[in-house]
Every structure is written in C-alpha cells, then in structure tokens.
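A short write-up of the structure that comes next.
Numbers restart at 1 for each chain; the letters A, B, ... are given by sequence-line order, proteins then strands. The figures here come from the full heavy-atom set of this structure, side chains too, leaving out hydrogens, waters and symmetry mates.
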Amino acid sequence: MEMYNRMLNHFGPQHWWPGESEIEMMAGAVLTQNTSWKNVEKAIGNLKGKGILNVEGIRNMPADMLAEEIRPAGYFNIKAGRLKNLINFIVERYSGDVDLLLEEKTEALREGLLSVKGVGAETADSILLYAARRPVFVIDAYTYRILNRHGLVEDQIDYYGLQSLFKDNLPEDEALFNEFHALIVRTGKDLCRGKPLCDSCPLKGWEKINTAVLN
DNA sequence: CACCAGGCAAGTA
DNA sequence: TACTTGCATGGT
C-alpha cells in the first residue's frame, strides 16, 4: 500500500469514471487501445451526439460510417470493426442485453470478452473493473513502465505476471483497484519521457527496492 | 521533424 | 514460444 499511498498523497483521489453508462465504458475500453483518453473523448462525444452510443445504434451503423464517427480516436477502421464485434457478441449471446451480460460470473464474463476479436487482456479487464465493477486489477503500459523503471520487475514480465503481483499483495477490493489504476495512469503521465525517471515522480527514490511496497 | 498515447491480431520462424 | 508489423489521429 505504500505505493498507493504515495501516489494518493501526491495527486489526491482521481475518482475516475470512464463513462456515464456501461456501454460507454465498454466502448471507451476499446477506443482507448494505444490511444490517449483525450482523443477517445472526442470519439465518444461524436457517438453520443449521433445518439448511437447503445447496442442498436452501433449494430445498425455500417462499419465505414461508424469509423468516421470515431476517427479522432485513431485506428478508426480497426476499432469500428472491434466495436461491432463486441456488440454482435452481446446481441448473439445475451439478446443485446448489457445488464444480462454484466451479470455473468467474473471468470465466465472474462472468457466471453476475450473470445471477441479485438478484445485482449487489458480491454477485457477494464470492462470487468469499470463496467462490471469486479475486483480485477487492470495492467497497462504505464503499470509496466513505472514498475520496470523503478527496478521492481524484469523487462520480460508479461501481463499476467504483473497482474498477479498486485492481486497477490493487495486486498481484493474493487474500489481500491479502481483508484489504484487511476493513480498509476496519473503518475505515468507525469513521468518524463525520454528519461529513466522523473524528478517530480511521487515514487522517486524507489530504485531497486522490492515489491513489499505493494503490501 | 520525431515520438508517443490507458493494444490487439496476424504473420513469421 | 518469441518477435515483428499494421493500424492512424492528435498532442508535445
């Protein structure tokens, strides 16, 4: 918890909420793939403005038209297909009922989401944490970069290696995981680019300490 | 001008 | 299994 407390003391609570509805958070999880949230907001805004940020709206929109709406989020042709894949999955397995989807047990929900082309580990876990409110720790590029630069993990560690690091050292608490991830992103944005470490990083001085800081 | 952003799938060896 | 590449706009 020391890592958590340091970031919290430095930045304060982020009270992150990536969307007003479950479908908005799910769409946001896809649109933010390798993309800054600022650009995602424009794309989300376009979908809202057209009134198509819902299952039927996305289902009925041709992929090429959907792509134009989400253009600001980058990779728009790819992501238009991925959004439609996700919506088709909800339609086919849950009659288009998002609430029904989100009632699934965590493991079953995760399996289903991962079966959708375009939904990988991070996107699935983001949906589990933020839309389904399950105690799942989301790993992202910032998580890896921060821990790696501070000497806490090897270069080759993979997604699940990082995830179990947090899972095994923290209480299984959805609200904690939500805020923790938000603080990691905030801290990551403050890390100086091109430098190993940033002077203003709240975790400065952590080089080569061990992962006990998580407890 | 270069580089990066809350990834993922498909291809190669 | 372990790399590599395409996807693409917008900010610094």
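- Following rounding to the nearest Å, Tyr160(A) (OH) and dT1(C) (P) show an atom-to-atom distance of 12 Å.
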One pair to check against side-chain contact (heavy atoms from CB on, under 4.5 Å): Asn85(A) and Val119(A). What are the steps and the verdict? CA-CA 9 Å; Asn85(A) 290 346; Val119(A) 177; over 6 Å; no
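- For dA8(C), the OP1/OP2 oxygens have a side-chain nitrogen or oxygen of Asn77(A) closer than 4.0 Å.
- For the pair Arg82(A) CZ and dA8(C) C1', the interatomic distance rounds to 12 Å; values are reported in whole Å.
- At the phosphate of dC7(C), neither OP1 nor OP2 sits under 4.0 Å from any side-chain N or O atom of Arg71(A).
- Phosphate proximity of dA5(B) to Thr32(A): absent, as no side-chain N or O sits under 4.0 Å from OP1 or OP2.
- Residue Ala73(A) is classed as having no contact, given no heavy-atom separation below 4.0 Å to the nucleic acid.
- Lys117(A) comes within contact range of the sugar-phosphate backbone alone, with a heavy-atom separation under 4.0 Å but no base atom that close.
- Exactly one of Thr143(A), Asp140(A), Asp125(A) qualifies for a side-chain hydrogen bond (donor to acceptor under 3.5 Å, both in side chains) with His181(A). That residue is Asp140(A).
- Across the P atoms, dC4(B) and dT4(C) are found 16 Å apart, a figure rounded to whole Å.
- We find that CG of Asp140(A) is positioned 16 Å from P of dC4(B), with the value rounded to whole Å.
- Only the C1' atoms considered, dC1(B) is 22 Å distant from dC7(C), to the nearest whole Å.
- With dC8(B), dA8(C), dA5(B) as the candidates, the nucleotide lying closest to the side chain of Ile78(A) is dA8(C).
- In this structure, Ile127(A) places its CD1 atom 13 Å from C1' of dC8(B), rounding to the nearest Å.
- In the set dC4(B), dG10(C), dC8(B), dG10(C) carries the atom at the smallest distance from any side-chain atom of Lys42(A).
- Here dA5(B) is the nucleotide among dA5(B), dA9(B), dC7(C) with the atom lying nearest to any side-chain atom of Ser36(A).
- Separating the CG atom of Leu86(A) from the P atom of dC8(B) is a distance of 12 Å, rounded to the nearest angstrom.
- Taking atom P in both dA10(B) and dA8(C), the straight-line distance is 15 Å, to the nearest Å.
- Computed from coordinates, the Phe76(A) CZ to dG6(C) C1' distance equals 13 Å when rounded to whole Å.
- Nucleotides dT5(C) and dC3(B) have their P atoms positioned 15 Å apart, rounded to a whole Å.
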Check the pair Arg110(A) / Glu104(A) against salt bridge (charged side-chain N to carboxylate O under 4.0 Å, His left out), numbers first and verdict last. CA-CA 9 Å; Arg110(A) 192 169 198 281; Glu104(A) 284 274 25; over 6 Å; no
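- If you look at Tyr159(A) and Tyr144(A), their ring centroids are not closer than 6.0 Å.
- Between Lys38(A) and Thr35(A), the residue whose closest nucleotide on DNA chain C is further toward the 5' end is Thr35(A).
- Val119(A) comes within contact range of the sugar-phosphate backbone alone, with a heavy-atom separation under 4.0 Å but no base atom that close.
- Atom CG of Asn34(A) and atom P of dT9(C) are 14 Å apart (whole Å).
- Residue Lys79(A) is out of contact with every strand shown, counting any heavy-atom pair closer than 4.0 Å.
- Taken together through direct or relayed side-chain contacts under 4.5 Å among Ile, Leu, Val, Met, Phe, Trp and Tyr, Leu128(A) and Leu100(A) form part of one hydrophobic cluster.
- Using the six-membered ring where Trp is involved, Phe180(A) and Tyr4(A) have ring planes that are tilted, between 30° and 60° apart.
- Taking only side-chain atoms of Arg145(A), from C-beta outward, the nucleotide of dA9(B), dA5(B), dA8(C) with the closest atom is dA5(B).
- Summarising the geometry, the separation between CD on Gln33(A) and C1' on dC4(B) is reported as 17 Å, rounded to the nearest angstrom.
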